[in-house]
2 protein chains.
Amino acid sequence: MPGQGRRRRCEAADGTHRQLGRGRGALLEPAVLAALADSEAHGYDVRKSIEDMTSGLVSADSGGLYRLLRRLEDDGVVVSTWVEGGSGPQRREYALTAEGRELLAHWLDHLRERERVLSLLVAAVERVVAKD
Amino acid sequence: MPGQGRRRRCEAADGTHRQLGRGRGALLEPAVLAALADSEAHGYDVRKSIEDMTSGLVSADSGGLYRLLRRLEDDGVVVSTWVEGGSGPQRREYALTAEGRELLAHWLDHLRERERVLSLLVAAVERVVAKD
DNA sequence: ACATCTAGATGTGTTATACATATAGATGAT
DNA sequence: ATCATCTATATGTATAACACATCTAGATGT
């Protein structure tokens with residue numbers, strides 16, 4: 001498991017896929033991993049990729065995005081290097097590690113399950129809302 | 001808006017449907033509202049309804065469930081009465097108010113949007129995971 | 001000169017769970 | 001009888017994912 005004794009955010013305390021609450025409702029982490037799996041990028045590009053991949057429905061908060069990138073790096077899930085030269089503010093290039101690709105596969109399982117739950121919930125809500 | 005100056009959990013600070021993070025990732029509240037829109041029920045039954053409507057994928061934590069029911073009552077979204085007689089521990093019956101039905105309609109909008117986002121995210125993750 | 005975008009960053013607050021633990025009334029198994 | 005399990009409600013505490021605010025600094029466009 002990436003990082004020191006920390007379980008994946010898509011897992012419960014006992015290491016299983018379980019409830020879909022705190023941490024398990026996360027969107028930002030899988031979105032970041034997906035953006036970087038495509039190609040290495042700097043932070044601001046990751047933010048734009050996320051906007052693209054969700055057709056503009058999600059606009060990641062840069063505060064949280066950079067914090068997450070730092071944490072993922074601490075956990076060995078991504079690596080980064082400062083880019084030399086170039087104009088404008090200094091930029092940092094991020095890339096997934098092998099562990100990061102592995103983690104993304106786990107997220108896929110989790111996201112599919114949440115998709116199912118959400119579908120079931122939407123259908124249930126539609127049923128009772130239509131009754132009025 | 002139900003309750004004193006508190007926006008709905010499916011809305012951002014500016015009253016719009018916006019990001020899908022904290023509070024906006026909620027599943028328990030719409031599930032509870034859907035369960036009670038069907039018929040009034042006591043707490044433990046609501047918990048079972050939620051398990052049924054998500055085909056066993058979600059098992060609501062009773063600690064959080066009862067806390068949420070209390071908060072929804074404080075906000076005028078549900079009402080409750082203790083049931084007289086009956087065997088076993090004392091039970092409390094919950095029912096939606098008109099405001100609760102209204103809130104549920106709002107949740108439907110929000111859940112549909114999250115469903116779209118999740119579908120897009122799953123598709124994006126599938127695309128990059130398949131590239132390996 | 002100012003607004004806006006790019007690029008990265010820290011501080012703080014809120015909320016939805018998760019996890020633990022508790023009391024109490026029943027039923028079922030041994 | 002005793003214990004496990006279910007029913008029914010509840011409080012305490014911890015964690016994590018954002019939201020929101022604010023900041024520095026280098027560019028571009030008006």
Side-chain angles (χ1 to χ4, degrees), chain A residues 3 6-32 41-48 50-51 58-73 75 80 82-83 85-94 114 117, chain B residues 6-32 41-48 50-51 58-73 75 80 82-83 85-94 107 114 117:
Chain A
R6 192 175 66 78
R7 64 183 182 275
R8 293 184 182 95
R9 287 172 179 76
C10 50
E11 286 173 0
D14 59 10
T16 63
H17 288 271
R18 272 218 291 118
Q19 299 318 334
L20 303 168
R22 185 186 72 236
R24 270 68 73 189
L27 289 173
L28 190 58
E29 181 170 315
V32 165
H42 61 287
Y44 201 83
D45 261 352
V46 171
R47 187 168 179 276
K48 286 192 311 194
I50 290 170
E51 201 149 331
V58 171
S59 186
D61 164 64
S62 54
L65 175 59
Y66 287 106
R67 227 175 322 239
L68 178 58
L69 284 168
R70 284 303 181 90
R71 191 168 63 236
L72 292 175
E73 186 160 24
D75 292 344
S80 74
W82 286 102
V83 175
S87 71
Q90 197 74 21
R91 311 144 128 224
R92 207 187 182 106
E93 191 104 307
Y94 295 89
R114 275 175 58 202
V117 166
Chain B
R6 195 177 64 77
R7 65 182 182 275
R8 295 185 179 92
R9 286 170 179 79
C10 49
E11 286 173 1
D14 59 10
T16 62
H17 288 270
R18 270 214 301 119
Q19 299 318 333
L20 303 169
R22 183 191 71 239
R24 271 70 73 184
L27 289 173
L28 189 58
E29 182 170 314
V32 165
H42 60 286
Y44 201 83
D45 260 352
V46 171
R47 186 167 178 277
K48 288 194 305 194
I50 290 170
E51 201 147 331
V58 171
S59 187
D61 166 62
S62 53
L65 174 61
Y66 285 104
R67 228 177 320 241
L68 178 61
L69 283 168
R70 285 306 180 88
R71 195 168 63 233
L72 292 176
E73 186 160 23
D75 292 342
S80 75
W82 287 102
V83 175
S87 71
Q90 199 73 19
R91 303 145 131 228
R92 205 187 183 106
E93 191 102 307
Y94 295 90
W107 267 112
R114 273 174 60 203
V117 165

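Please read all numbers here as calculations on a predicted model, not as lab measurements. What's counted below: heavy atoms across the whole structure, side chains too, no hydrogens, waters or symmetry copies. In the text below, chain A, chain B and the rest are named by the order of the sequence lines, each starting its count at 1.
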Can you tell me the distance, in whole Å, between the [atom1] atom of [X] and the [atom2] atom of [N]?
| X | N | atom1 | atom2 | value |
| --- | --- | --- | --- | --- |
| Asp75(B) | dT15(C) | CG | C1' | 13 Å |
| Glu29(A) | dA17(D) | CD | P | 7 Å |
| Asp61(B) | dT11(D) | CG | P | 13 Å |
| Trp82(A) | dA7(C) | CH2 | P | 12 Å |
| Lys48(A) | dT6(C) | NZ | C1' | 8 Å |
| Glu73(A) | dG8(C) | CD | P | 12 Å |
| Leu72(B) | dA16(C) | CG | C1' | 13 Å |
| Leu68(B) | dT15(C) | CG | P | 13 Å |

Query - Test item: Arg114(A) side-chain N/O and Ala26(A) main-chain N/O as donor-acceptor pair under 3.5 Å - result: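 It does hold such a pair.
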Of the candidate nucleotides [options], which contains the atom at the shortest distance from the side chain of [X]?
| X | options | result |
| --- | --- | --- |
| Tyr44(B) | dT13(D), dT10(C), dT9(D) | dT9(D) |
| Arg71(A) | dT9(D), dG8(C), dA17(D) | dA17(D) |
| Ser62(A) | dA18(C), dT10(C), dA9(C) | dA9(C) |
| Ala26(A) | dA17(D), dA19(D), dA18(C) | dA17(D) |

Requested in this report: Using a 4.0 Å heavy-atom cut-off across all strands, classify Arg92(B) as base, sugar-phosphate, or nothing.
Outcome: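 Since only primed, P, OP1 and OP2 atoms lie under 4.0 Å of Arg92(B), the category is sugar-phosphate.
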Query raised in the report: Gly88(B) near the nucleic acid: base, sugar-phosphate alone, or nothing, with a heavy-atom cut-off under 4.0 Å?
Result: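 Sugar-phosphate contact only - Gly88(B) comes under 4.0 Å of backbone atoms but never of a base.
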Query raised in the report: Does any N or O donor sit under 3.5 Å from an N or O acceptor when you compare the side chain of Arg67(A) with the base of dG8(C)?
Result: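 There is none.
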Query raised in the report: Just to confirm, is there a sub-4.0 Å distance from OP1 or OP2 of dA10(D) to any side-chain nitrogen or oxygen of Tyr66(B)?
Result: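 For dA10(D), neither OP1 nor OP2 has a side-chain N or O of Tyr66(B) closer than 4.0 Å.
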Report task. Output yes when at least one side-chain N/O atom of Arg91(A) is less than 4.0 Å from OP1 or OP2 of dT6(C), else no. Result ->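 For Arg91(A), the contact criterion (side-chain N or O under 4.0 Å from OP1 or OP2 of dT6(C)) is not met.
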Query raised in the report: Can you check whether Ser80(A) reaches His42(A) side chain to side chain, under 4.5 Å on heavy atoms?
Result: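 Heavy-atom side-chain distance check fails, nothing below 4.5 Å.
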Query raised in the report: Does Asp45(A) reach the side chain of Lys48(A), with side-chain heavy atoms less than 4.5 Å apart?
Result: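 Yes. Closest side-chain heavy atoms under 4.5 Å.
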Query raised in the report: Between Leu28(B) and Pro89(A), who's closer to the 5' end of DNA chain C by nearest nucleotide?
Result: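 Upstream on the strand: Pro89(A).
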Report task. Answer with yes or no whether the side chains of Trp107(B) and Glu29(B) bring together a donor and an acceptor at under 3.5 Å. Result ->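 Per modelled atom types, Glu29(B) and Trp107(B) side chains form a pair under 3.5 Å.
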Requested in this report: Return the 5'-most residue of the pair Tyr94(B), Gly64(A) with respect to DNA chain D, ranking by each residue's nearest nucleotide.
Outcome: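 First, find each residue's nearest nucleotide; the 5'-ward one identifies Tyr94(B).
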Query raised in the report: Does Pro30(A) or Gln90(A) map to a spot on DNA chain D nearer the 5' end, using the closest nucleotide for each?
Result: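 Residue closer to the 5' terminus by nearest nucleotide: Pro30(A).
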**Report entry** Minimal non-hydrogen separation, Val83(B) against Glu93(B), with atom names
**Finding:**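 Closest pair (atom of Val83(B), atom of Glu93(B), distance): CG2-CB, 3.9 Å.
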